[in-house]
Asker: 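The following block contains the structure, expressed as structure tokens.
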Amino acid sequence: MKLVKDIGLATKKKHQISDEKAEEAVKTIIQWIGEDADREGLKSTPKRVVKAFKEYFKGYAQNAEQHLSKTFTEVEGYDDMVIEKNITIHSHCEHHMAPIIGVAHVAYIPSKKVVGLSKLARVVEAFSKRLQTQERLTMQIAKTIMQVLQPRGVAVTIDAAHHCMTNRGVKKEKTTTITNYFLGAFKDDLSFQNIYLRYINKN
Ligand SMILES: [Zn+2]
């Protein structure tokens with residue numbers, strides 16, 4: 001539970017820092033690595049980095065629950081599993097701010113509400129465009145869908161490469177990490193879990 005609250009605090013703090021101040025910080029790092037921050041090619045880099053960071057971390061300004069608030073009435077009778085596979089993930093690890101690149105698979109079994117397919121990807125996006133651990137990211141996606149849609153069950157799998165591990169440290173280039181989080185029917189009934197796993201492993 002605590003995991004979700006911490007993120008909200010981060011949002012408020014972020015807005016107290018101006019773009020100019022963030023650009024100065026980037027300039028300091030450029031100098032610290034031994035570069036001439038004033039040379040032609042690097043002059044506008046702090047500005048560009050701050051602009052890029054705004055995109056990498058735009059999830060702080062997004063409300064994941066809101067993405068799920070619009071549900072479809074004309075598919076209300078549909079009560080079988082919905083699986084969305086291979087949702088691209090570009091996140092950053094909170095320990096090194098290094099990229100986490102991979103895919104998410106999200107499934108739910110509707111009981112009352114069915115959402116537009118793009119909305120599941122939006123929830124993934126809202127949580128992944130923040131500083132994350134893969135474990136927490138997996139849980140946040142699952143818990144949010146469970147809370148808002150109140151389906152019979154939710155399953156989330158993330159398969160991702162952590163650049164802090166592939167490009168530095170132990171340098172295991174081919175390593176990916178898989179995390180799963182199951183709620184409701186997916187947790188209680190292994191047959192649902194097995195159907196889900198079979199679908200996400202199909203090419
Ligand atoms: Zn890391």
Side-chain angles (χ1 to χ4, degrees), residues 1-19 21-35 37 42 45-64 67 84-106 120-146 154-183 197 200-201:
M1 301 297 125
K2 191 173 162 265
L3 300 167
V4 181
K5 275 181 194 157
D6 288 344
I7 304 291
L9 284 175
T11 316
K12 275 176 203 145
K13 274 185 195 148
K14 187 183 152 219
H15 290 299
Q16 290 165 2
I17 309 290
S18 67
D19 285 10
K21 237 181 153 183
E23 285 162 19
E24 265 170 47
V26 175
K27 191 176 175 185
T28 303
I29 290 175
I30 291 172
Q31 289 164 332
W32 172 73
I33 60 174
E35 262 289 0
L42 290 175
T45 299
K47 250 192 179 33
R48 284 190 290 256
V49 170
V50 166
K51 198 176 166 204
F53 266 48
K54 280 185 184 172
E55 186 168 344
Y56 300 158
F57 300 111
K58 65 181 178 189
Y60 289 110
Q62 291 178 3
N63 182 334
H67 289 309
E84 199 154 317
K85 270 172 64 163
N86 298 321
I87 303 166
T88 311
I89 283 195
H90 290 118
S91 188
H92 285 80
C93 84
E94 66 182 25
H95 302 128
H96 306 90
M97 295 179 78
I100 302 173
I101 310 288
V103 289
H105 313 298
V106 177
L120 298 176
R122 291 261 179 234
V123 173
V124 171
E125 172 116 342
F127 286 120
S128 57
K129 297 288 189 192
R130 301 178 187 190
L131 287 177
Q132 278 291 7
T133 65
Q134 189 175 323
E135 294 86 343
R136 181 174 60 211
L137 176 59
T138 311
M139 244 177 353
Q140 284 177 325
I141 296 165
K143 284 184 174 174
T144 302
I145 295 169
M146 194 69 184
V154 178
V156 177
T157 302
I158 295 177
D159 185 353
H162 292 239
H163 282 207
C164 59
M165 213 183 139
T166 55
N167 289 349
R168 60 162 288 288
V170 288
K171 287 193 180 146
K172 299 296 179 206
E173 285 89 357
K174 291 196 173 128
T175 307
T176 64
T177 304
I178 298 176
T179 44
N180 290 297
Y181 205 72
F182 299 110
L183 289 169
L197 292 172
I200 67 165
N201 286 314

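Below, all heavy atoms of this structure are taken into account, side chains as well, without hydrogens, waters or symmetry copies. Atoms within a ligand are numbered from 1 in the order they appear, just like the ligands themselves.
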Asker: What N/O/S atom of His96 gets nearest to the Zn ion (ligand 1)?
Answerer: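 In His96, the N, O or S atom with the shortest distance to the Zn ion (ligand 1) is ND1.
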Asker: State, to the nearest 10 degrees, the angle whose vertex is the Zn ion (ligand 1) and whose arms point to SG of Cys93 and SG of Cys164.
Answerer: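 It comes to 120°.
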Asker: Using the side chain to side chain contact (heavy atoms under 4.5 Å, CB included) definition, which of the options His95, Gln140, His92 pairs with Gln132?
Answerer: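 Single pass found, and it is Gln140.
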Asker: Out of Lys51, Arg48, Lys47, Lys54, which residue meets the salt bridge (charged side-chain N to carboxylate O under 4.0 Å, His left out) rule with Glu23?
Answerer: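 Of Lys51, Arg48, Lys47, Lys54, salt bridge (charged side-chain N to carboxylate O under 4.0 Å, His left out) with Glu23 is met by Lys47 alone.
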Asker: State, without any angle test, whether Gln134 and Thr179 hold a side-chain donor-acceptor pair at a distance under 3.5 Å.
Answerer: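 Side chains of Gln134 and Thr179: pair found under 3.5 Å.
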Asker: Of the non-hydrogen atoms in Ile100 and Ala160, which two are nearest, and what is the gap between them?
Answerer: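 Nearest heavy atoms, Ile100 then Ala160: CG2-CB, 3.6 Å.
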Asker: Give a yes/no answer: is there an N/O/S atom of His162 under 2.8 Å from the Zn ion (ligand 1)?
Answerer: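 Within the cut-off used here (under 2.8 Å), His162 places no N, O or S atom near the Zn ion (ligand 1).
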Asker: Can an N, O or S atom be found in His95 less than 2.8 Å away from the Zn ion (ligand 1)?
Answerer: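 For His95, the answer is no, given that no N, O or S atom comes within less than 2.8 Å of the Zn ion (ligand 1).
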